[in-house]
Trainee: 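Pasting in a structure now, in structure tokens, and then I'll have a few things to ask.
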Number of protein chains: 2
Amino acid sequence: MPWQVLGVNKKYSIGIDLGGTNLRAALINSQWKIKERIALATSGIREEALKQIEEVIEKLKKKEGDILGIGIGSPGNIDVAEGIIYDAPNIKGWNDVPLKSYVEGKAGLPAFIDNDANMMALAESRLGAGVGAKNIVCLTLGTGVGGALIVNGKLYHGAALTAAEIGHIPVNMNGPLCNCGGRGCLERYVGNRFIVERAVERIEREGGSLIVGLVGGDLGKVTPEIISQAALKGDKLSVEIWNEVGRYIGVAIAGLANLLNPEIVIIGGGVANADFLVFDEIKATIKKRAMRMPAKMVRVVPAKLGGDAGMIGAGILVWEKMVDRL
Amino acid sequence: MPWQVLGVNKKYSIGIDLGGTNLRAALINSQWKIKERIALATSGIREEALKQIEEVIEKLKKKEGDILGIGIGSPGNIDVAEGIIYDAPNIKGWNDVPLKSYVEGKAGLPAFIDNDANMMALAESRLGAGVGAKNIVCLTLGTGVGGALIVNGKLYHGAALTAAEIGHIPVNMNGPLCNCGGRGCLERYVGNRFIVERAVERIEREGGSLIVGLVGGDLGKVTPEIISQAALKGDKLSVEIWNEVGRYIGVAIAGLANLLNPEIVIIGGGVANADFLVFDEIKATIKKRAMRMPAKMVRVVPAKLGGDAGMIGAGILVWEKMVDRL
């Protein structure tokens with residue numbers, strides 16, 4: 001439920017989603033609606049990215065007294081209490097950035113920093129696919145596998161504020177090494193790169209996939225999108241690749257269902273328009289592998305808010321931090 | 001912190017731990033100390049078990065007005081809101097038992113029912129190994145692998161109130177079938193029966209273990225205790241069996257650390273005095289496999305309160321449900 005607070009219903013928060021590729025920012029009103037938006041390509045360099053953040057805030061501030069505060073979602077490990085980003089792989093020098101104090105100093109407004117997956121989860125839980133649920137698991141698929149947990153209606157951060165690394169739950173302790181140091185982590189199977197890798201390996205071994213024609217014979221050009229195109233044309237190997245992705249995700253969610261017994265699992269990010277192939281297999285795997293009660297209880301649904309989710313969530317964060325709910 | 005509440009500091013709660021073998025009950029005062037205790041062998045039949053509960057309550061009630069309420073920890077799936085036990089494998093007919101309303105009717109006092117692993121976790125978090133920690137994972141080893149989660153200082157029950165089935169987190173999606181329907185669940189590797197099974201298989205294949213002499217050549221007599229005895233005498237196969245148990249648990253905890261980033265993991269129940277062999281391997285596995293921050297943060301410790309934990313936790317539950325903290 002949006003806020004209805006006397007005296008602040010004319011104000012906005014600024015929500016910023018600092019993605020690896022795009023920076024999106026918006027004014028979010030007390031009803032959690034977007035009132036104005038800006039999008040630009042994120043600079044890959046620390047000083048420039050900081051300057052960009054400063055500039056979008058200036059543009060959105062409009063007039064004195066209108067803005068409640070600023071919320072920013074960023075990739076990487078973040079100390080949400082201090083507002084420091086420890087590291088984020090996609091922006092050069094984006095390590096140990098005291099983003100909260102930097103932004104507060106420049107803008108003269110309170111700022112709140114959190115992980116991008118958490119901001120997406122907050123928006124989906126308040127306005128999107130998770131409305132009404134108290135215990136939510138969020139998964140974002142892409143280059144990496146991000147995650148967020150909503151517990152009793154609130155974002156769960158854990159003791160060192162690094163929780164919800166759903167991509168690094170092992171699904172096979174004897175599986176291949178993962179960047180994180182573990183073995184057989186979910187991300188090691190369903191991160192974009194590994195999906196492509198398995199498809200290419202199978203084509204080299206078995207041949208006979210539509211993918212070969214789609215990339216003009218150059219297997220270096222295979223992407224998740226290409227595998228989806230082939231799957232949509234009925235290519236058996238491509239369909240199997242996406243089913244397999246669904247199975248890996250389903251195994252991880254079955255374990256999460258047994259452990260956390262959530263009402264809902266929201267899956268966002270790209271599975272490259274192969275959603276139907278992936279979701280059916282996820283659901284079948286959970287039904288087969290999770291315990292009766294949690295399997296019956298959990299709904300697995302796609303995210304609703306698309307690319308705006310992070311920015312909206314960052315805006316909502318400000319409202320929730322600064323204004324008491326009625 | 002114990003309660004210090006004017007007007008109720010002379011009262012007790014009754015805490016009951018309904019185990020598969022023993023029923024333990026005690027008067028728990030406002031400082032969470034045991035003031036009087038009863039233990040008896042649990043009847044394996046529903047009607048008799050209910051009668052036993054009634055009797056221990058009568059004995060502990062002493063005089064009118066002294067008792068705040070009754071807390072009961074039971075194995076099995078439990079609806080903690082309604083106080084109904086859906087099923088518990090060790091007591092015949094112990095299905096769909098409306099234990100809360102039964103006890104309230106008989107005793108004329110408020111009753112609270114929860115899972116035995118949750119009661120153990122509550123006691124350990126308030127008085128035992130978890131004092132001071134807000135986010136705790138509890139594991140109990142034995143015939144089955146039980147679990148409990150404390151999130152932000154409170155027991156976490158999940159949406160259908162079945163959460164924390166840590167024994168049914170998959171550690172190997174290609175592993176052997178588990179009773180729960182999954183594959184390669186933690187319990188399928190470290191439940192007592194499976195530890196014994198692997199030891200016997202290896203002896204039959206490889207021979208040459210001290211275990212053979214300890215059971216007089218009858219491999220049907222192998223127990224976790226026997227494997228521990230052999231391990232303590234330096235038997236290589238037995239040491240490896242316990243190390244392997246530690247590795248499986250370590251893999252599951254590494255995943256939990258990445259997911260929940262807890263301050264502490266408390267392990268209770270019997271690993272048959274082979275704790276040192278198991279704990280060292282658990283810690284080494286977490287260090288190797290979990291992500292840097294959660295691995296650094298998490299402490300893995302044995303439970304402190306032993307067999308009294310469930311009963312104490314059930315008593316504490318009553319205090320926490322019925323009296324506000326100062």
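Naming convention: chains lettered A, B, ... in sequence-line order (proteins, then strands); numbering from 1 in each chain. Basis for what follows: all heavy atoms, side chains included, without hydrogens, waters or symmetry-related copies. The structure displayed is predicted, hence computed values, not measured ones.
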Trainee: CZ of Arg126(B) to CD1 of Ile316(B): how many Å apart, nearest 0.5 Å?
Mentor: 7.5 Å
Trainee: Quick one: of Leu186(B), Thr285(B), Ile169(B), who has the most non-hydrogen atom pairs under 4.5 Å with chain A?
Mentor: Ile169(B)
Trainee: Please state whether the side chain, the backbone, both or neither of Ala295(B) comes within less than 4.5 Å of a heavy atom of chain A.
Mentor: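 Neither; nothing under 4.5 Å.
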Trainee: Among residues two or more places apart or on two chains, list those pairs meeting salt bridge (charged side-chain N to carboxylate O under 4.0 Å, His left out) that have a residue in residues 247-262 of chain A.
Mentor: Arg247(A)-Glu281(A)
Trainee: Rounded to the nearest 0.5 Å, what separates atom OH in Tyr86(A) from atom CG in Asn95(A)?
Mentor: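 Those atoms lie 12.5 Å apart.
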Trainee: Can you tell me how far the CG atom of Asn115(A) sits from the NE2 atom of His157(A), to the nearest 0.5 Å?
Mentor: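 Result: 7.5 Å between the selected atoms.
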Trainee: Could you give all pairs that pass the ring pair (Phe, Tyr, Trp, His ring centres under 6.0 Å) test and reach residues 176-195 of chain B, with sequence neighbours left out?
Mentor: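 Every pair satisfying ring pair (Phe, Tyr, Trp, His ring centres under 6.0 Å) with a residue in residues 176-195 of chain B: Tyr189(B)-Tyr248(B).
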Trainee: Measure the spacing between CD1 of Ile136(B) and CD of Glu124(B) and express it to the nearest 0.5 Å.
Mentor: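 Going from the CD1 atom of Ile136(B) to the CD atom of Glu124(B) covers 9.0 Å.
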Trainee: Are there residues of residues 146-155 of chain B that reach to under 4.5 Å of chain A by heavy atoms, and which ones?
Mentor: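 So the qualifying residues are Leu149(B), Val151(B).
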Trainee: For the CG atom of Asp114(A) and the CD1 atom of Ile85(A), what is their distance to the nearest 0.5 Å?
Mentor: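 Those atoms lie 10.0 Å apart.
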Trainee: If I measure from the heavy atoms of chain B, does Ala133(A) come under 4.5 Å with its side chain, its backbone, both, or neither?
Mentor: neither
Trainee: Pick from Lys288(A), Lys134(A), Glu165(A), Arg292(A): which one has the most heavy-atom pairs with chain B under 4.5 Å?
Mentor: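 Among the listed options, the one with the most contacts to chain B is Glu165(A).
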Trainee: Is it the backbone or the side chain of Ile264(B) that comes under 4.5 Å from a heavy atom of chain A, or both, or neither?
Mentor: neither
Trainee: Rounded to the nearest 0.5 Å, how far apart are CG of Leu139(B) and CD of Glu187(B)?
Mentor: 10.5 Å
Trainee: With a 4.5 Å cut-off on heavy-atom pairs, point out which of Val251(A), Leu260(A), Val298(A) contacts chain B the most.
Mentor: Leu260(A)
Trainee: Identify each donor-acceptor pair in which a side-chain atom of residues 170-184 of chain A lies under 3.5 Å from a protein atom, sequence neighbours left out, and give them as a table.
Mentor:
{"residue": "Asn172(A)", "atom": "OD1", "partner": "Asn174(A)", "partner atom": "N", "Å": "3.0"}
{"residue": "Arg183(A)", "atom": "NH1", "partner": "Gly175(A)", "partner atom": "O", "Å": "3.1"}

